[in-house]
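One structure follows; several queries about it will come next.
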Amino acid sequence: MATVLTPQEQDFPRWYQEVIAKSQLAENGPVRGTMVIRPWGYAIWERLEAAIDERIKATGARNAYFPLLIPEAFLRREAEHVEGFSPELAVVTHGGGKTLEEPAVVRPTSETIVNSSFARWISSYRDLPLLINQWANVVRWELRPRLFLRTSEFLWQEGHTAHATREEAHAYALRILDEVYEDAMRQELAIPVYRGRKTEREKFAGAEISWSCEGVMRDGKALQMGTSHELGQNFARAFGIQFSDDEGQLRHVWQTSWGASTRLLGAMIMVHGDDHGLRVPPRLAPTQVIVMTARAGEGVTEAAKTLADDLDRRGIRVQLDDRGELSLGRRIVDHELRGVPLRVELGPRELASGQAVVARRVRGAKETIALGALLERVPQMFDEDQQELLDQATALRDRRTQRAETLEQAKDLAADGFVRIAWPLCGDRGEDQLAKSGISVRCLVRNDGQPVYDADDPGVEALLARAY
RNA sequence: CGGGGAGUGGCGCAGUCUGGUAGCGCACCCGGCUGGGGGCCGGGCGGUCGCAGGUUCAAAUCCUGUCUCCCCGACCA
């Protein structure tokens, strides 16, 4: 078969756009930088969203919803925060046919509006910890948008919490990073990530410490896939969030905030996509099995229906494709492009032999399986292929991660992917220098796997890469 | 804002240098054949060539102005 899509590295952005368009995941919106997520893309997101939501709730957090519009003055209360976001704010100046007395900004993130509520909700140590999450869209006027990866409006979950102590806030921020983000990315998206600490230069505007999960894309570039911030008492002071502790002392709360977005779908495309389009991990696939008829008649359609029903009864997400008006080749390509994990082909030959051809999208291979064994075999194949995707992505990450002994060497190696280098060999000055070549410090890690508390500690390494 | 490039049917493009009936592929519609990996044949719908002005018998093409979009960088989940 002719190759339709070639993820050659120089063509990677183009390939990426094409996969999204051809698999009907999403398209550009009418306002520059906005995005329409089409049903197939959204169905994948819904499953990922549910997986993340479940993990968030397991930490004790509850969902709530806050306003889209924020008084401009709220943003100004935290100096570093407003400085970080000002350039990318969308501002509403008119309402009800009149000029507004005070402009409202469309939320770029909700720390300020959430904390204005927190200030009223919290008065005692008995109100803590307060763990809130919201699923919402936010707007940041991006200069260089790209579908899923960086759009001016995006859909995400943002968590906001308040704690009695710095230690508790710290532990919670890391818990989110590990038990929610890293776990969902590994188990559901089948993408292994580096977890680490952001440098001062890269951290969230308004945070004391930012932690992140960094993914390695097929072309070696980095994608920040989730972040968790320790806000210290910055917002607590700005919004007057105080509580009486168990000794009657009035104290400011310690806070965290954390988020992950539909950008994760971009990661799925850029990590798992291949020559033939998308490969969706079985756990996330809206349709896990497509049952296809080859040549109608002779009881083929009936047999295909029966098989689809049997799979459905086993809780497998299955669809029947018995469209007679399209050629078989066309139909196959459709499902391949969309990344449906398994394709069962059923025709007169199969019926006669009591076997079915099963094509596995992840492996790009076909197998012949006895019809009687199919119901048992399909769930096993899901597990195998989910694991296979993770294995491939892990191999990709490791292959794309090199070690450098000097900053010069690091600069060269970063053309191909991630580079580990001892932090003292880089440092703030090295970071500034690398930035001129389009290379950034994605995060700081320790060679013993522990979180980085002090960048100057021995054994701290920087992970460098070009980033999306 | 700096550096490149492009505006021509729904989408992707050729035609511009050298002015002379606006074309091709895909998609769509009709008819027929055909399903085991983007199938074939025939017919058809659809475009004031980004906009404004100029030169000319004649402008997609030449000249002037203008607008928009895209790519590389800066900003960034």
Side-chain angles (χ1 to χ4, degrees), chain A residues 1-5 10-11 13-14 17-18 21-22 27-28 30-33 35 83-89 108-110 136-146 148-159 181 198 201-205 207 210-215 222-229 257-267 276-277 292-298 300-301 321-337 343-352 356-357 359 364 366 368 435-440 442 466-468:
Chain A
M1 174 190 147
T3 299
V4 239
L5 305 157
Q10 58 274 27
D11 296 333
R14 186 185 171 88
Q17 298 287 335
E18 255 187 65
K22 290 190 173 181
E27 62 194 32
N28 285 305
V31 173
R32 186 177 189 281
M35 169 173 65
E83 193 189 331
F85 281 105
S86 284
E88 46 190 275
L89 292 180
T109 176
S110 302
N137 52 345
V138 293
V139 169
R140 299 176 187 179
W141 216 261
E142 297 293 351
L143 297 172
R144 175 183 279 292
R146 175 163 282 166
F148 286 116
L149 303 183
R150 186 173 303 96
T151 45
S152 293
E153 177 186 349
F154 60 92
L155 182 54
W156 72 347
Q157 113 342 265
E158 49 175 323
Y181 296 148
K198 286 292 186 185
R201 182 194 172 100
E202 296 283 331
K203 75 176 187 187
F204 174 72
S210 289
W211 305 93
S212 80
C213 294
E214 302 285 331
L223 187 71
Q224 181 172 309
M225 292 172 62
T227 48
S228 187
H229 313 291
S257 71
W258 25 279
S261 73
T262 47
R263 164 180 273 194
L264 292 173
L265 291 184
H276 306 294
M292 309 201 54
T293 55
R295 293 185 171 274
E298 302 175 48
V300 168
T301 304
D321 182 353
D322 60 350
R323 292 175 294 174
E325 69 277 15
L326 292 177
S327 72
L328 182 71
R330 164 69 64 171
R331 290 152 64 208
I332 286 172
V333 169
D334 277 354
H335 302 301
E336 249 170 15
L337 270 167
R343 182 179 78 244
V344 178
E345 295 173 4
L346 217 53
R349 280 202 314 248
E350 285 74 20
L351 290 188
V357 171
K366 287 185 187 181
T368 304
K436 295 192 184 99
S437 311
I439 300 162
S440 55
R442 302 316 304 159
R466 294 168 301 141
Y468 275 104

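Note on naming: letters A, B, ... go to the chains in the order of the sequence lines (proteins, then strands), and numbering restarts at 1 for each one.
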For A/Thr151, report the nucleic acid contact type (base, sugar-phosphate, nothing); a contact means any heavy atom under 4.0 Å.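 If one applies the 4.0 Å heavy-atom cut-off, A/Thr151 turns out to touch a base.
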
I need the CG-P distance between A/Asn28 and B/G12, as an integer number of Å.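 Taking CG of A/Asn28 and P of B/G12, I get 11 Å after rounding.
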
A side-chain contact here means heavy atoms from C-beta on lying under 4.5 Å apart; do A/Tyr468 and A/Gln224 qualify?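 Result no, sub-4.5 Å side-chain heavy-atom pair not found.
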
Roughly how many Å is it from CD in A/Glu336 to C1' in B/G36, rounded to a whole number?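 To the nearest whole Å, that distance equals 14 Å.
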
For atom CD of A/Glu27 and atom P of B/A27, their distance in whole Å: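 Value for this atom pair: 19 Å.
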
How would you label the contact of A/Leu149 with the nucleic acid (heavy atoms, under 4.0 Å): base, sugar-phosphate, or nothing?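 Base contact - A/Leu149 has a heavy atom under 4.0 Å of at least one base atom.
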
Check the distance between B/G37's C1' and A/Lys366's NZ and give it to me in whole angstrom.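 Between C1' of B/G37 and NZ of A/Lys366: 7 Å.
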
Polar pair under 3.5 Å, donor/acceptor by atom type, side chain A/Arg343, base B/G37: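 By the distance-only test, yes, there is a pair.
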
Salt bridge (charged side-chain N to carboxylate O under 4.0 Å, His left out) involving A/Arg343 - partner list, sequence neighbours excluded: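 Listed in chain order: A/Glu336, A/Glu345.
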
Given pairs defined as Watson-Crick or G-U wobble with both distances under 3.5 Å, what dot-bracket annotation applies to RNA chain B, with ( ) intrastrand, [ ] crossing, | other strand and . unpaired? ((((((((.[[[[.)....(..]]]].((((((.....)))))).....[[[[[..)....]]]]])))))))....

Rounded off to whole Å, could you give me the CD-to-P distance for the A/Glu325 and B/C30 pair?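 The distance from CD of A/Glu325 to P of B/C30 comes to 13 Å, rounded to the nearest Å.
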
Sugar-phosphate, base or nothing in reach of A/Gly324, heavy atoms under 4.0 Å: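 Contact class for A/Gly324: base.
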
To the nearest angstrom, how far is A/Asp334 atom CG from B/G37 atom C1'?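 Going from A/Asp334 (CG) to B/G37 (C1'), I get 12 Å.
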
Of all the nucleotides listed (B/G36, B/C75, B/G38), which has the minimum atom distance to the side chain of A/Leu337?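 Ranking B/G36, B/C75, B/G38 by closest atom to the A/Leu337 side chain puts B/G38 first.
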
Any donor-acceptor pair, under 3.5 Å, between the side chain of A/Glu350 and the base of B/G36, if you only look at N and O atoms?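 Yes.
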
Taking for each residue the nucleotide of RNA chain B bearing the nearest heavy atom, is the 5' side occupied by A/Ala435 or by A/Ser327?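 Taking each residue's closest nucleotide, the earlier one in sequence belongs to A/Ser327.
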
Report which part of the nucleic acid A/Gly259 touches: base, sugar-phosphate, or nothing (heavy-atom distance under 4.0 Å, all strands).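 If one applies the 4.0 Å heavy-atom cut-off, A/Gly259 turns out to touch nothing in the nucleic acid.
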
Would you say a side-chain N or O of A/Arg330 is under 4.0 Å from OP1 or OP2 of B/A27?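 For A/Arg330, the contact criterion (side-chain N or O under 4.0 Å from OP1 or OP2 of B/A27) is met.
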
For A/Glu158 and A/Ser110, test the side chains for any donor-to-acceptor distance below 3.5 angstrom and give the result as yes or no.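 A pair is found: one side chain offers a donor N or O, the other an acceptor, under 3.5 Å apart.
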
Distance, C1' atom - from B/C57 to B/C62, rounded to whole angstrom: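 The answer is 16 Å between these two C1' atoms.
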
Categorize A/Thr227 for me: base, sugar-phosphate, or nothing, with a 4.0 angstrom heavy-atom threshold over every strand shown.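 Result for A/Thr227 = nothing.
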
Give me the distances for all protein-to-nucleotides 68-71 of chain B N/O pairs that come in under 3.5 Å?
from  : atom 1 : to      : atom 2 : distance (Å)
B/C70 : OP1    : A/Arg32 : NE     : 3.4
B/C70 : OP2    : A/Arg32 : NE     : 2.7

By the definition side-chain contact (heavy atoms from CB on, under 4.5 Å), identify the one residue from A/Ser257, A/Ser210, A/Ser212 that meets it with A/Thr227.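 Between A/Thr227 and the candidates, side-chain contact (heavy atoms from CB on, under 4.5 Å) is satisfied uniquely by A/Ser212.
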
What is the separation between atom CG on A/Leu326 and atom P on B/C28, rounded to the nearest whole Å?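 A/Leu326 atom CG is separated from B/C28 atom P by 9 Å.
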
With heavy atoms under 4.0 Å as the rule, sort A/Leu143 into base, sugar-phosphate or nothing.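 Contact class for A/Leu143: base.
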
Take atom NE2 of A/His335 and atom P of B/G36, then tell me their distance rounded to the nearest Å.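 From A/His335 NE2 to B/G36 P: 15 Å.
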
